[in-house]
Amino acid sequence: MPSIQRDFSLERLNSFGLPARADEYLVVDSVPALQAAIAAGALDGRTRLLLGGGSNLIFGGDFHGLVLKVAIEGRRLVHEDADAWYVEAGGGENWHDFVRWTLRQGWPGLENLSLIPGTVGASPIQNIGAYGLEMCERFDSLEAVDLATGELRRMSAAHCRFGYRDSVFKGEAAGRYLIGSVRFRLPRAWQAITGYADLVRELAARGIAQPDALQISDAVIAIRGRKLPDPAVLGNAGSFFKNPLVDGATFARLSLAHPGLPHYPQPDGRHKLAAGWLIEQAGWKGRDLGPVGAYEKQALVLVNRGGARGEDVRRIAEAIRTDVRGLFGVELEVEPVFV
Ligand code: EPU
């Protein structure tokens, strides 16, 4: 059984670069190894934290418990039929590397989700999405270990209860399961998803009218590279707030007062607003509060200017929420998980 390390620094294991130490730290590189650790009582009585790529976590301080670092590798074609390829990857695989690998194999479908930071095993937790596609649209099933019993369970999309940047793993099942692997269904009847404004512009600029999956991936990488800071250079956790959903009456009131308000009508009659736009209007784009700022190219992303601590992140997030509430009467909900 792999050994537990004590007083372990997590600073380089969270993309915001926040200082934090774990009382105990265990690398999980296979499902049987995890089950053996559970059977040996290694998890008993401990507060646990599951760590993937650390790209969606904000540490408020040290973690007094056991961190389980998911490092389960492997990727393979499980099977194929007349309609689709079924592809699986270990929870610890890097998401973007996995996406590019599927494209190289000639299995399109995940290209719009290129360059999203984090791991395959974290992708269902917040149902990652970008450029007109959400992970759940390509999801088949996953295998998760129940940390209380060691039991391995296959879960369908219905079990996972996916929503916008949401799933059962952020709700009632939070902390209960470790996602060992995720299986995707990539239909042979592929269609380019290119409706998203930024993507339309990028493909036009490249003179591509009928893009293939690799060309879409390349375009997405270029857009993300321009708008979103590289965590290796400037610490961040991607979009810091969810795009808020408001009802029809609220939208009507807001769009009257703010004619340029970007919005995405939802099937249920509500409207999704662009949090980045609201934050920019509230004067926060490119502005810092202490060592944390709203990124100058995309106000929805908070960045670590150097030496930030969890409390600094909390402070600017609260200040932004207060200003957006004051100006628009809209509540912003935080997207990353605070520990
Ligand atoms: N906007 C501004 N000012 C800003 C930022 C954005 O006016 O500072 C406006 C843009 O001009 C545009 C609208 O807001 O009209 C939307 O902006 P953008 O296209 O950049 O996307 P987003 O809604 O801010 C979402 C996801 C991103 C994803 C992009 C592309 C959420 C919370 N964020 O951002 O996901 O990459 O769309 O699909 O849904 C993430 O979740 O970590 C993430 C990066």
Side-chain angles (χ1 to χ4, degrees), residues 14-16 52-58 95-96 99 110-119 122-137 162-167 170 193-203 216-217 219-231 234-246 254-255 258-266 270-287 293-303 317 320-321 323-324 327-328 330-337:
N14 74 96
S15 64
F16 217 101
S55 52
N56 209 41
L57 278 183
I58 301 297
W95 172 263
H96 176 68
V99 170
L110 296 173
E111 55 281 353
N112 293 55
L113 305 181
S114 296
L115 212 60
I116 293 184
T119 56
S123 67
I125 298 176
Q126 56 154 336
N127 183 21
I128 57 173
Y131 305 103
L133 181 72
E134 284 188 348
M135 195 266 347
C136 65
E137 296 169 71
F162 294 119
Y164 166 58
R165 296 293 187 279
D166 201 23
S167 75
K170 276 183 114 173
I193 301 172
T194 53
Y196 201 90
D198 273 354
L199 196 49
V200 172
R201 271 194 296 272
E202 180 66 25
L203 290 167
I216 292 175
S217 174
V220 166
I221 290 170
I223 301 166
R224 290 190 75 97
R226 276 200 300 272
K227 278 192 137 178
L228 300 169
D230 177 356
L234 201 55
N236 74 89
S239 295
F240 200 87
F241 301 98
K242 293 186 187 183
N243 282 333
L245 282 164
V246 298
L254 286 172
S255 64
H258 310 278
L261 182 75
H263 67 106
Y264 315 96
Q266 302 296 299
R270 292 190 293 175
H271 291 257
K272 196 184 268 183
L273 306 180
W277 189 89
L278 301 175
I279 295 167
E280 179 171 351
Q281 297 301 307
W284 277 100
K285 191 171 190 169
R287 190 171 138 202
Y295 191 48
E296 42 280 9
K297 296 180 196 162
Q298 174 33 305
L300 190 50
V301 179
L302 300 187
V303 294
I320 290 172
R321 293 184 73 217
D323 286 359
V324 167
L327 198 55
F328 300 101
V330 171
E331 283 298 323
L332 290 183
E333 201 185 318
V334 164
E335 205 233 88
V337 176

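Every number for a ligand or one of its atoms is a count from 1 in the order of the listing.
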State, yes or no, whether a side-chain contact exists between [X] and [Y] at a heavy-atom distance under 4.5 Å.
X: V330; Y: L254; value: yes
X: Y295; Y: K227; value: no
X: H96; Y: S114; value: yes
X: I320; Y: L302; value: yes
X: L110; Y: W95; value: yes
X: N112; Y: I216; value: yes
X: L228; Y: K297; value: no
X: P262; Y: K272; value: no

Indicate, as side chain, backbone, both or neither, the part of [X] found under 4.0 angstrom from ligand 1 when only non-hydrogen atoms are considered.
X: Q126; value: neither
X: K297; value: neither
X: F241; value: backbone
X: F240; value: neither

Looking only at N/O atoms, are [X] and ligand 1 under 3.5 Å apart anywhere?
X: Q298; value: yes
X: L300; value: no
X: K242; value: no

Exercise. Work out whether the distance between some heavy atom of R165 and some atom of ligand 1 is less than 4.0 Å.
Key: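 Contact check R165 vs ligand 1: positive.
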Exercise. Assess Y295 for proximity to ligand 1: is some non-hydrogen atom of it under 4.0 Å away?
Key: no
Quiz item: Between W284 and G276, is there a donor-acceptor pair closer than 3.5 Å when you use the side chain of the first and the backbone of the second?
Solution: no
Self-check item: Heavy-atom nearest neighbour of atom 14 (O) of ligand 1 within options P336, P244, A197, A274
Solution: A274
Quiz item: Which residue from S239, P117, A130 reaches closest to atom 44 (C) of ligand 1 through any of its heavy atoms?
Solution: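 Residue with the shortest heavy-atom distance to the ligand atom: S239.
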Per-atom contacts, ligand 1 versus [X] - under 4.0 Å to a heavy atom:
X: R224; result: 36 (O), 44 (C)
X: K227; result: 18 (P), 19 (O), 20 (O)
X: Y164; result: 31 (C), 32 (C), 39 (O)
X: Y196; result: 18 (P), 19 (O), 21 (O), 29 (C), 30 (C), 37 (O), 38 (O)
X: K285; result: 3 (N), 4 (C), 8 (O)
X: Y264; result: 13 (C), 16 (C)
X: G238; result: 42 (O)
X: E280; result: 2 (C), 3 (N), 4 (C), 7 (O), 8 (O)

Closest non-hydrogen protein atom to [atom], residue and atom name please, with distance?
atom: atom 9 (C) of ligand 1; value: W277 CB, 4.0 Å
atom: atom 8 (O) of ligand 1; value: A299 N, 2.8 Å
atom: atom 38 (O) of ligand 1; value: Y131 N, 2.6 Å
atom: atom 25 (C) of ligand 1; value: N243 ND2, 4.1 Å

Self-check item: Set of ring-ring contact (aromatic ring centres under 6.0 Å, His included) partners for H263, sequence neighbours left out
Solution: F251, H271
Quiz item: Heavy atoms of the protein only: does one fall short of 4.0 Å from atom 11 (O) of ligand 1?
Solution: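 No.
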Self-check item: Sub-4.0 Å protein heavy atom next to atom 32 (C) of ligand 1
Solution: yes
Exercise. Indicate yes or no: does E331 engage R321 in a salt bridge with an N to O separation below 4.0 Å.
Key: yes
Self-check item: Matching residue for N127 among R165, E134, K170 - test: side chain to side chain donor-acceptor pair (under 3.5 Å)
Solution: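 When side chain to side chain donor-acceptor pair (under 3.5 Å) is applied between N127 and each of R165, E134, K170, only E134 qualifies.
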Quiz item: Where do S167 and I125 come nearest, in terms of heavy atoms and distance?
Solution: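 S167 and I125 have their closest heavy atoms at OG-O, 2.8 Å.
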Practice problem: Identify the two heavy atoms, one from G53 and one from T119, that lie closest to each other, and give their separation to 0.1 Å. | Solution: N-CG2, 3.4 Å
I'd like a table of donor-acceptor pairs (distance under 3.5 Å, sequence neighbours excluded) in which one partner is a side-chain atom from residues 237-244, with atom names and distances.
from: K242; atom 1: NZ; to: E333; atom 2: OE2; distance (Å): 3.4
from: N243; atom 1: OD1; to: A275; atom 2: N; distance (Å): 2.9

